[in-house]
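Here's the structure we're looking at; comments come further down.
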4 protein chains.
Amino acid sequence: MPENQQTEESPTRRERTEDRPRRRQARGERRIAQLLEAAASVFCRTGYTGASTNAIAREAGVSPGTLYQFFPNKEAIAVGLSDQLLEHWATSHGQALAAENTSLPLDRMLDAVLDPLIAFNVENPAFGVLMHAPDTPGRIIEEIGTLHGAILTRVEDLIAARLPGGPADQRERTANMTLMLFKAGLTLVMAHEGAERQAYITELKTVMYRYLEPLLGEDGAGGH
Amino acid sequence: MPENQQTEESPTRRERTEDRPRRRQARGERRIAQLLEAAASVFCRTGYTGASTNAIAREAGVSPGTLYQFFPNKEAIAVGLSDQLLEHWATSHGQALAAENTSLPLDRMLDAVLDPLIAFNVENPAFGVLMHAPDTPGRIIEEIGTLHGAILTRVEDLIAARLPGGPADQRERTANMTLMLFKAGLTLVMAHEGAERQAYITELKTVMYRYLEPLLGEDGAGGH
Amino acid sequence: MPENQQTEESPTRRERTEDRPRRRQARGERRIAQLLEAAASVFCRTGYTGASTNAIAREAGVSPGTLYQFFPNKEAIAVGLSDQLLEHWATSHGQALAAENTSLPLDRMLDAVLDPLIAFNVENPAFGVLMHAPDTPGRIIEEIGTLHGAILTRVEDLIAARLPGGPADQRERTANMTLMLFKAGLTLVMAHEGAERQAYITELKTVMYRYLEPLLGEDGAGGH
Amino acid sequence: MPENQQTEESPTRRERTEDRPRRRQARGERRIAQLLEAAASVFCRTGYTGASTNAIAREAGVSPGTLYQFFPNKEAIAVGLSDQLLEHWATSHGQALAAENTSLPLDRMLDAVLDPLIAFNVENPAFGVLMHAPDTPGRIIEEIGTLHGAILTRVEDLIAARLPGGPADQRERTANMTLMLFKAGLTLVMAHEGAERQAYITELKTVMYRYLEPLLGEDGAGGH
DNA sequence: GATGAATGAGGATTCATTCAT
DNA sequence: TATGAATGAATCCTCATTCAT
């Protein structure tokens with residue numbers, strides 16, 4: 001039965017010259033989305049090492065052969081998933097890390113940055129699984145590094161904007177620490193629900209506020 | 001001291017004056033130590049799920065059968081390892097979390113508590129691996145929980161000693177957050193060496209000082 | 001009671017001149033008895049193939065090494081057990097198959113023969129397990145054959161005594177069938193308890209009576 | 001009507017327009033047959049406990065992985081085999097136990113019932129192995145019970161038809177005994193060949209005739 | 001003689017991956 | 001392209017047997 005193409009994927013579409021050969025690809029895109037969704041679900045349940053490609057295929061409702069038509073191996077699935085999450089982040093919450101937030105007072109900035117980040121993680125729990133990735137083999141780490149690094153860079157930028165004069169290595173340490181703080185707090189946030197989760201969100205913001213305030217707050221950029 | 005753990009025998013046991021249970025314990029005890037050391041090493045490299053019992057046996061220089069003479073299954077190895085680490089901690093650094101530290105000024109207290117904790121983790125990197133344990137099966141979590149819980153309790157005690165009037169749930173959240181902060185910072189510490197590691201240790205203490213100071217500092221113990 | 005030596009194999013026993021050095025052997029005899037008892041128990045639970053020598057040693061309360069000091073391998077344990085059972089039978093119930101029963105009326109003879117046989121089996125359930133031995137490797141079959149054959153021979157003798165004129169091959173078939181009938185009925189007997197067991201014993205005797213009566217019953221040997 | 005047996009799909013394909021469930025069944029079905037045949041052969045040689053799944057796979061000329069694509073574990077192979085045998089019996093010899101035989105004179109009835117049963121066992125020696133199944137784990141016993149029970153029920157029916165007035169428990173005992181007699185005789189039949197086998201078949205019928213004749217024969221249903 | 005340790009091949013089962021249709 | 005079959009090495013674990021003390 002002839003399928004109609006391109007139902008959903010690839011939100012940033014700038015079809016320059018090619019949208020002819022896409023016809024055939026449409027189904028493929030959907031398959032990939034299916035598979036990545038299944039992978040996210042399985043990774044969340046069992047971690048990367050514990051996930052079997054057969055289990056992912058089954059969860060996606062396809063045969064193992066089909067999975068391997070789109071991903072050359074298990075690693076590529078994780079990489080593909082992190083790519084997708086990164087892109088999803090960029091298009092849906094990405095502006096949270098945008099430069100304009102730099103000028104807000106620290107507490108407002110933390111709200112502006114953390115709330116979308118937390119929301120994103122709540123919506124995409126696989127993100128956290130891949131980030132922590134304590135058992136993922138080499139190449140994935142790098143790819144994860146991209147994702148990790150993207151956030152890291154943003155954090156560093158934010159710091160640099162407010163504290164332009166500091167030494168680079170200290171700035172890097174602060175960025176790293178800030179990111180780790182966030183990941184730690186996020187774990188706690190994810191581990192609770194409802195009011196308790198809210199309380200942990202507040203607590204996380206408190207941690208970060210107190211940590212960053214002496215550096216960024218005061219008369220800093222957003223000060224006055 | 002006579003220890004009998006998992007294996008099986010010793011059906012009729014009435015220890016008058018002797019230690020029948022385990023006669024040939026010398027070699028066995030050494031093997032167990034060897035195996036746990038090997039397990040620590042392999043777990044660090046590959047995580048729990050990724051570790052194969054054959055790899056652990058090989059690392060320990062024994063046959064798979066020998067491993068299974070001392071541990072009934074893979075889980076038991078991790079449990080045994082966490083037990084050993086817990087005991088090792090208790091005997092060698094345990095006093096770090098002791099009550100007397102409660103009366104120190106916050107910054108001194110952080111030194112007193114964190115330095116041994118960090119030192120222990122540096123010496124026993126498997127500790128961190130088991131703690132994070134994102135993919136470990138049920139029973140280990142509980143055992144790890146013991147370990148985790150032991151620290152958590154200490155942290156809560158410390159907080160309660162300084163802040164006796166606060167609501168219990170907030171205190172619990174603070175304890176949890178403190179522990180997570182530590183784990184997060186520790187990751188960074190472990191990921192670096194030499195001067196950089198020192199810098200991260202300082203940074204971690206800064207984070208914790210700033211987080212806890214408003215709650216515990218002031219006039220409390222250390223006024224500042 | 002003077003013990004006969006026979007440390008392990010040597011199915012063909014010809015005690016020349018030695019029975020002095022037996023003093024030291026006493027403990028060994030007890031060990032062997034212990035081990036065979038344990039083996040009987042384990043074989044009953046799991047069958048020969050399913051039984052592990054370690055399990056037998058454990059059941060006997062000794063170490064695997066000790067077991068192998070008395071039996072060169074697993075097969076030898078089964079062989080030793082069947083030897084022991086055979087001997088036990090010979091000394092305690094053996095007269096059941098004795099020649100004098102030959103002259104009894106068939107129903108009385110069946111009582112005289114079957115009751116001890118059943119009693120023996122009830123007391124030594126391992127006997128049945130080894131007899132059926134559906135999964136026992138080659139050599140055991142032969143040894144079992146001895147045991148099996150011993151009974152078979154008796155049965156044949158009984159038949160021959162009553163039916164001296166028949167063709168040998170038919171007599172052999174009748175003996176085989178009689179034995180199999182008994183084993184079949186015994187299974188049913190063993191599978192029940194109390195009154196039901198009694199009923200099956202009666203039923204078994206009925207079977208055998210009806211089968212053998214035309215051959216052996218009536219007045220003298222050759223009925224009709 | 002659509003039948004699905006153990007795997008899950010339907011080998012007999014006559015559904016209107018869709019055959020989604022299992023497309024690539026041809027090869028698979030053949031493999032299953034191959035594997036069951038191999039399993040029958042190996043079970044006959046070594047019994048259930050002694051059979052290794054690798055040996056079965058090897059006998060079938062496939063890799064272990066392939067075996068596990070069709071059977072989740074060793075038990076399932078035995079269950080699948082008994083299912084297949086049961087079905088094979090039902091379709092090829094099943095009418096032997098049909099009700100109409102009830103009205104034949106006992107000797108004719110025994111021929112009508114036993115000959116197909118014996119023929120079936122000769123053709124499918126694994127049947128006997130599974131039936132005796134002295135070492136098979138729990139679930140198989142149940143499945144075997146089905147098989148066993150199917151025959152038992154038939155036997156009971158036959159007896160009930162001829163002897164409607166008897167007490168139920170005695171009828172059950174007679175059925176059990178009859179079945180056991182058959183199994184015992186069958187062992188003898190299977191253990192011989194040619195003329196000797198024929199002689200044992202006759203002997204078996206004699207046993208059963210003499211056992212059942214007083215109950216069923218005479219003026220019984222089909223008597224005279 | 002007894003023990004517990006040691007062995008290593010083998011057993012059931014899984015899994016990432018490839019192949020034929 | 002999609003499927004399910006096929007693979008075989010690897011996994012966890014067991015077991016008969018031997019060794020050192």
Side-chain angles (χ1 to χ4, degrees), chain A residues 3 24-25 27-28 31 49-57 61-75 77, chain B residues 7 9 20-32 49-57 61-75 77, chain C residues 7 24-25 27-28 31 49-57 61-75 77, chain D residues 9 20 22-32 49-57 61-75 77:
Chain A
E3 302 278 11
R24 278 275 95 110
Q25 229 70 332
R27 219 164 51 197
R31 275 279 121 100
T49 306
S52 93
T53 56
N54 283 356
I56 293 171
V62 304
S63 65
T66 298
L67 186 156
Y68 278 87
Q69 222 128 30
F70 295 98
F71 300 96
N73 53 42
K74 191 179 165 182
E75 250 184 75
I77 302 171
Chain B
T7 35
E9 78 310 318
R20 278 301 140 65
R22 290 286 153 172
R23 284 236 317 265
R24 231 14 71 68
Q25 221 166 355
R27 221 161 64 245
E29 212 66 50
R30 227 178 304 133
R31 273 284 118 92
I32 289 178
T49 307
S52 95
T53 57
N54 281 2
I56 294 171
V62 302
S63 65
T66 296
L67 186 158
Y68 280 91
Q69 205 128 36
F70 297 99
F71 300 96
N73 54 45
K74 191 178 164 181
E75 243 185 83
I77 303 171
Chain C
T7 35
R24 278 274 96 110
Q25 230 69 333
R27 216 165 52 199
R31 276 278 120 99
T49 306
S52 93
T53 56
N54 283 355
I56 294 171
V62 302
S63 65
T66 298
L67 186 156
Y68 277 87
Q69 221 130 30
F70 295 97
F71 299 97
N73 53 42
K74 191 178 164 183
E75 250 184 73
I77 302 171
Chain D
E9 76 308 324
R20 281 299 140 69
R22 288 288 149 176
R23 288 234 317 265
R24 232 12 70 69
Q25 219 167 356
R27 222 161 62 243
E29 212 67 51
R30 225 178 306 132
R31 273 284 118 95
I32 289 178
T49 306
S52 94
T53 56
N54 282 1
I56 294 171
V62 302
S63 65
T66 297
L67 186 156
Y68 280 90
Q69 205 126 38
F70 298 99
F71 300 96
N73 52 44
K74 192 178 164 183
E75 245 185 82
I77 303 172

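All figures in this text were calculated on a predicted structure; none of them were measured in a lab.
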field: Under 4.0 angstrom between D:T66 side-chain N/O and F:dT7 OP1 or OP2
entry: yes

- request: Quick one: label D:A51 by what it contacts on the DNA or RNA (base, sugar-phosphate, nothing), any heavy atom closer than 4.0 Å.
  value: sugar-phosphate

- line: As its Watson-Crick or G-U partner within any shown strand, both distances under 3.5 Å, F:dT21 has E:dA2

query: Does E:dT13 have a Watson-Crick or wobble mate here (both distances under 3.5 Å), and if so which one?
result: F:dA10

query: Between E:dT7, F:dA6, F:dT21, which nucleotide has the shortest distance from any of its atoms to the side chain of B:R27?
result: F:dT21

field: Which atom of B:T53 lies closest to which atom of B:L67, heavy atoms considered
entry: O-CD1, 3.4 Å

- prompt: When you match B:V62 and C:G65 each to their closest nucleotide on DNA chain E, which lands nearer the 5' end?
  reply: C:G65

- prompt: With nearest nucleotides of DNA chain F determined for D:Q69 and A:G61 from heavy-atom distances, which residue corresponds to the more 5′ nucleotide?
  reply: A:G61

- prompt: Is any side-chain nitrogen or oxygen of A:Y68 closer than 4.0 Å to OP1 or OP2 of E:dT17?
  reply: yes

task: Measure from the side chain of B:T53, starting at C-beta and using heavy atoms only, and say which of F:dC12, F:dA2, F:dT17 lies closest.
output: F:dC12

statement: Taking E:dT13, F:dC13, F:dA16 as options, the one with an atom nearest any side-chain atom of B:P64 is F:dC13

statement: Quick note, B:N54 side chain, CB onward, closest among F:dC12, F:dT3, F:dA5 is F:dC12

- request: State whether A:S52 places a side-chain N or O below 4.0 Å from either non-bridging phosphate oxygen (OP1 or OP2) of E:dA16.
  value: yes

message: Using a 4.0 Å heavy-atom cut-off, does A:F71 contact any base of the nucleic acid, only the sugar-phosphate backbone, or nothing at all?
response: nothing

From E:dA2, F:dA5, F:dA2, nucleotide with atom closest to A:R31 side chain: F:dA2

query: Given F:dT17, E:dT7, F:dA6, which nucleotide is nearest the side-chain atoms of C:K74?
result: F:dT17

- prompt: From F:dA6, E:dA6, F:dA2, pick the nucleotide closest to the side chain of B:S63?
  reply: E:dA6

